[in-house]
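So the structure is just underneath, and the comments pick up after that.
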Amino acid sequence: MEKIIFHVDVNSAYLSWNAVWDLQHGKTLDLRTVPSIVGGDPESRHGIVLAKSIPSKKFGIKTGETLFSALMKCPDLKIVPPRYSMYLKASDAMLEILREYSPIIERYSIDECFMDMGQRTREDAWETANRIRERIRDELGFTVNIGISTGKLLAKMSSDFQKPDRVHTLYREEIEKKMWPLPVEELFMVGPQTAKKLRDMNIRTIGDLARSDPEFLHQRLKKHGYVIFAYARGMDSSLVRNEGTVGMKGMGNSTTLPFDFTDRISCHNVLLSLGETLVPRLREARKLARTISIHIRTSDFATTSTQTTLSFATDSTSVLMEVSCQLFDELWNGDPVRHLGISFAQLEEKDVQQLSLFQDPRLEKGKRLDALIDRLRTDFGRDAVIRATFVNSPVKAFSGGVEEKDYVFMNSYL
DNA sequence: TCTGGGGTCCTAGGACCC
DNA sequence: TCTGGGGTCCTAGGACCC
């Protein structure tokens with residue numbers, strides 16, 4: 001018996017969920033069986049590949065590339081738009097099944113979970129993983145890969161082996177045979193930049209990395225060098241963090257504009273519309289923000305940011321938006337703006353708010369207004385109250401975040 | 001190659017304190 | 001006023017993850 005960890009990974013998550021939803025709603029084509037992708041809207045410059053089917057992989061289509069480029073590789077490519085709120089339902093349904101097998105589950109992302117399966121035999125782990133895999137496939141209609149090991153890193157690495165609808169193991173003694181031959185960029189935490197630096201050091205496989213000198217890596221890559229060296233040797237002692245134990249450190253909202261904006265007021269309006277999505281999220285999480293930062297990407301794709309830390313933490317829309325617009329004015333040099341973002345950090349719990357000598361007196365009044373608007377929007381829909389500035393404006397009143405408008409309630413089996 | 005959006009953590013330099 | 005070291009906080013940018 002030993003400690004067993006599972007990593008559950010939905011195969012081509014967004015694409016599979018779109019496919020299942022379509023099948024359950026009368027369509028006959030299964031997107032998973034043809035070259036297809038989930039992609040953004042090129043008209044509004046959100047046109048990249050978010051997820052791809054396995055058949056589309058044969059055309060060399062990659063996540064993150066432009067729809068234009070994907071269509072060049074495969075003119076018959078079927079493109080469907082994302083449905084974020086439906087994905088959340090599908091993810092919740094999967095979690096409900098997983099909870100029957102372990103009380104300690106870490107939701108790593110919308111389509112990945114770690115499960116602490118406690119002490120058990122390898123035979124039991126194998127059978128349990130296969131049972132979970134089959135249940136998800138049969139009850140929910142989509143497939144998962146499950147990776148089994150004694151720690152999170154190895155479990156995650158093994159769920160990435162052959163897909164779809166598979167269970168793999170990666171125990172310590174299997175590392176050399178199953179993981180070391182892989183190209184180094186397949187290791188968790190080795191992205192394109194690090195892979196390039198490693199290649200320059202003649203490190204091409206995970207095995208090369210595992211056999212290299214950690215002090216040399218540290219010299220070139222700082223702390224990151226030690227981290228990936230340890231990962232290459234399968235060393236990782238992180239625990240499965242149960243839900244609710246992970247505090248949110250920051251939250252943000254950003255959007256690419258449909259065309260480059262060149263005037264200050266339109267940019268302010270975009271910031272306000274981002275805030276109309278972001279600040280209610282902050283309040284819903286019962287958090288207050290102390291640090292506010294704004295990000296500008298210009299038409300030459302250069303990104304700059306600036307931030308400020310207030311002497312008090314707040315969830316007031318008017319305070320946060322006023323500061324955001326001020327920061328924009330300080331940062332913007334007049335270049336055409338392609339993308340705008342706001343984010344909040346240094347979040348504090350609302351319930352333990354400390355009174356500050358420097359608290360803004362406008363706060364009290366604004367608080368009641370914010371609460372009222374939140375309630376109107378809950379009761380009568382998001383568009384019940386919008387800022388006057390957005391009436392007859394080309395800028396949307398809300399931007400970023402989860403798109404709710406085309407959500408259709410899903411039936412109980414997904 | 002005409003490149004989304006939401007997060008986390010690390011680094012490096014500077015301010016400021018003792 | 002200069003020298004020095006350690007600690008903490010803040011800011012801007014960059015790497016990674018999904």
Side-chain angles (χ1 to χ4, degrees), chain A residues 7 9-10 12-14 37-42 44-51 60-73 81-82 84 87-88 91 106-114 152-153 156-157 159-160 185-198 218 221-228 231 238 241 246-258 260 274 277-278 281 285 290-311 327 330-331 338-347 399-403:
Chain A
H7 179 253
D9 190 348
V10 180
S12 319
Y14 286 5
I37 58 165
V38 175
D41 172 23
S44 51
R45 305 201 297 191
H46 295 234
I48 62 154
V49 177
L50 296 163
I61 290 166
K62 299 212 166 73
T63 305
E65 78 178 310
T66 56
L67 296 195
F68 178 81
S69 148
L71 279 167
M72 294 287 280
K73 293 175 181 172
Y84 296 107
Y87 301 156
L88 209 52
S91 175
E106 176 177 343
R107 199 174 198 170
Y108 186 70
S109 72
I110 195 166
D111 65 333
E112 286 182 35
C113 290
F114 290 100
K152 283 166 74 176
L153 174 86
K156 182 162 169 57
M157 290 301 296
S159 68
D160 218 28
E185 56 266 34
E186 302 211 359
L187 183 65
F188 182 66
M189 289 301 286
V190 177
Q193 303 300 318
T194 309
K196 186 179 178 307
K197 288 179 194 163
L198 291 173
H218 180 248
L221 303 169
K222 309 290 178 191
K223 196 174 174 176
H224 194 131
Y226 284 144
V227 171
I228 59 175
Y231 284 177
S238 59
R241 295 181 298 181
V246 216
M248 198 172 347
K249 302 279 170 67
M251 59 171 76
N253 194 190
S254 64
T255 191
T256 294
L257 308 173
D260 293 344
L274 289 167
T277 312
L278 181 58
R281 259 214 285 153
R290 225 159 72 80
T291 300
I292 299 138
S293 49
I294 77 126
H295 312 261
I296 299 175
R297 180 136 71 218
T298 45
S299 48
D300 58 356
F301 231 73
T303 303
T304 53
S305 68
T306 188
Q307 68 183 69
T308 190
T309 301
L310 305 176
S311 57
L327 288 173
E330 282 170 31
L331 182 63
R338 178 189 177 86
H339 171 107
L340 278 172
I342 306 179
S343 52
F344 301 146
Q346 293 227 60
L347 304 186
S399 48
V402 172
E403 196 64 59

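First the proteins, then the strands, lettered A, B, ... as listed; each starts at 1. Just so you know, these numbers come straight off a predicted model, no measurement behind them.
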Query raised in the report: What nucleotide, of dG6(B), dG4(B), dG13(C), holds the atom closest to the side chain of Arg281(A)?
Result: dG6(B)
Query raised in the report: Mapping Leu221(A) and Leu278(A) onto DNA chain B by nearest heavy atom, which one lands closer to the 5' end?
Result: Leu278(A)
**Report entry** Shortest side-chain distance from Lys223(A), nucleotide among dA12(C), dT11(B), dC2(B)
**Finding:** dT11(B)
Query raised in the report: Using atom C1' of each nucleotide, how far apart are dG4(C) and dC16(B) to the nearest Å?
Result: 15 Å
Requested in this report: May I ask you to say what Ile110(A) touches in the nucleic acid, namely base, sugar-phosphate or nothing, with a heavy-atom cut-off under 4.0 Å?
Outcome: nothing
Report task. Pick base, sugar-phosphate or nothing for Thr308(A), based on heavy-atom distances below 4.0 Å to the nucleic acid. Result -> sugar-phosphate
Query raised in the report: To the nearest angstrom, how far is Leu67(A) atom CG from dT1(B) atom P?
Result: 18 Å
Query raised in the report: Which is true for Glu65(A) with a 4.0 Å heavy-atom rule: it touches a base, it touches only sugar-phosphate, or it touches nothing?
Result: nothing
Requested in this report: Quick one: label Gly40(A) by what it contacts on the DNA or RNA (base, sugar-phosphate, nothing), any heavy atom closer than 4.0 Å.
Outcome: nothing
**Report entry** Distance between P atoms of dG14(B) and dT3(C) (Å, rounded)
**Finding:** 15 Å
Query raised in the report: Should Arg297(A) and Asp260(A) count as an ion pair when the cut-off is N to O under 4.0 Å?
Result: no
Query raised in the report: Atom NZ of Lys249(A) and atom C1' of dC10(C): how far apart are they, to the nearest Å?
Result: 17 Å
Report summary line: Per atom distances to the Gln193(A) side chain, the nearest of dA15(C), dA12(C), dT3(B) is dA15(C)
Report task. Check the angle between the aromatic planes of Phe188(A) and Tyr231(A) and answer parallel, tilted or perpendicular using the 30° and 60° thresholds. Result -> tilted
Requested in this report: Look at the side chain of Ile48(A) and decide which nucleotide, out of dT3(B), dC17(C), dG5(B), has an atom nearest to it.
Outcome: dT3(B)
Query raised in the report: Think His46(A) has a side-chain N or O under 4.0 angstrom from the OP1 or OP2 of dG5(B)?
Result: yes
Query raised in the report: Closer than 4.0 Å, any side-chain N/O of Ser254(A) to the OP1 or OP2 of dG6(B)?
Result: yes
Query - Nearest-nucleotide pick for Thr255(A), side chain only, options being dG5(B), dC18(C), dC10(C) - result: dG5(B)
Report task. Whole angstrom is fine here: how far is it from NZ in Lys222(A) over to P in dA12(B)? Result -> 5 Å
Query raised in the report: Rounding to a whole Å, what distance do you find between Lys196(A):NZ and dG14(C):C1'?
Result: 16 Å
**Report entry** Length of the CZ-C1' vector between Arg290(A) and dC10(C), whole Å
**Finding:** 10 Å
Query - Gly252(A) backbone acceptor or donor facing Arg281(A) side chain under 3.5 Å - result: yes
Query raised in the report: Out of dC18(C), dG4(B), dT11(C), which has the shortest distance to the side chain of Asp111(A)?
Result: dC18(C)
**Report entry** Under 4.0 angstrom between Thr309(A) side-chain N/O and dT11(C) OP1 or OP2
**Finding:** yes
Requested in this report: Could you check which of dA15(C), dA12(C), dG4(B) has an atom nearest any side-chain atom of Thr194(A)?
Outcome: dA15(C)
Query raised in the report: Side-chain N or O of Gln346(A) less than 4.0 angstrom from OP1 or OP2 on dC10(C)?
Result: yes
Query raised in the report: Start at the 5' end of DNA chain B and walk down; is the nucleotide closest to Met248(A) or to Thr63(A) reached first?
Result: Thr63(A)
Query raised in the report: What does Arg297(A) touch in the nucleic acid at a heavy-atom separation under 4.0 angstrom: a base, only the sugar-phosphate, or nothing?
Result: sugar-phosphate
Query raised in the report: In Watson-Crick or G-U wobble terms, both distances under 3.5 Å, what is the partner of dC18(B)?
Result: dG5(C)
Query raised in the report: Considering only dC16(C), dG5(B), dA12(C), which nucleotide approaches the side chain of Thr306(A) most closely?
Result: dA12(C)
Query raised in the report: Using a cut-off of 4.0 Å on non-hydrogen atoms, how would the nucleic acid contact of Gly250(A) be classed: base, sugar-phosphate, or nothing?
Result: sugar-phosphate
Query raised in the report: Where the side chain of Tyr108(A) is defined as all heavy atoms beyond and including C-beta, which of dC16(C), dG13(C), dC18(C) is the nearest nucleotide?
Result: dC18(C)
Query raised in the report: What does Ser69(A) touch in the nucleic acid at a heavy-atom separation under 4.0 angstrom: a base, only the sugar-phosphate, or nothing?
Result: nothing
Query raised in the report: Which whole-number value in Å describes the distance from His295(A) NE2 to dT8(B) P?
Result: 12 Å
Query raised in the report: Heavy atoms under 4.0 Å, any strand shown: does Lys156(A) hit a base, just sugar-phosphate, or nothing?
Result: sugar-phosphate
Query raised in the report: Reckon Thr303(A) touches a base, only the sugar-phosphate, or nothing at all at heavy-atom distances under 4.0 Å?
Result: nothing
Requested in this report: Verify the distance criterion only: is there a donor paired with an acceptor across the side chains of Gln346(A) and Thr291(A) at less than 3.5 Å?
Outcome: yes
Report summary line: Taken to the nearest whole Å, CZ/Phe344(A) to P/dT8(B) is 14 Å
Query raised in the report: Atom CE of Met251(A) to atom P of dG5(B): distance rounded to whole Å?
Result: 18 Å
**Report entry** Phosphate contact (dG6(B) OP1 or OP2) by Asn253(A) side-chain N/O below 4.0 Å
**Finding:** yes
Query raised in the report: Ser343(A) near the nucleic acid: base, sugar-phosphate alone, or nothing, with a heavy-atom cut-off under 4.0 Å?
Result: nothing
**Report entry** Residue met sooner reading DNA chain C from 5', once Thr291(A) and Phe188(A) are mapped to nucleotides
**Finding:** Thr291(A)
Query raised in the report: How about Phe68(A): does its CZ atom have over 12 heavy atoms from other parts shown lying under 6.0 Å from it?
Result: no
Query raised in the report: Does His46(A) reach the main-chain N or O of Thr256(A) with its side chain, forming a donor-acceptor pair under 3.5 Å?
Result: yes
Query - Arg338(A) side chain near dT3(B) phosphate (N/O to OP1/OP2, under 4.0 Å) - result: yes
Query raised in the report: Contact class for Glu185(A) (heavy atom, under 4.0 Å): base, sugar-phosphate, or nothing?
Result: nothing
**Report entry** Side chain Lys73(A), main chain Gly60(A), donor-acceptor under 3.5 Å
**Finding:** yes
Query raised in the report: Is a salt bridge present between Glu112(A) and Arg107(A), judged by a nitrogen-to-oxygen distance below 4.0 Å?
Result: no
Requested in this report: Taking only the side-chain heavy atoms of Phe301(A) (C-beta and beyond), determine which of dC16(C), dT3(B), dA12(B) contains the nearest atom.
Outcome: dT3(B)
Query raised in the report: To the nearest 0.5 Å, how far apart are CZ in Phe114(A) and CG in Asp9(A)?
Result: 9.0 Å
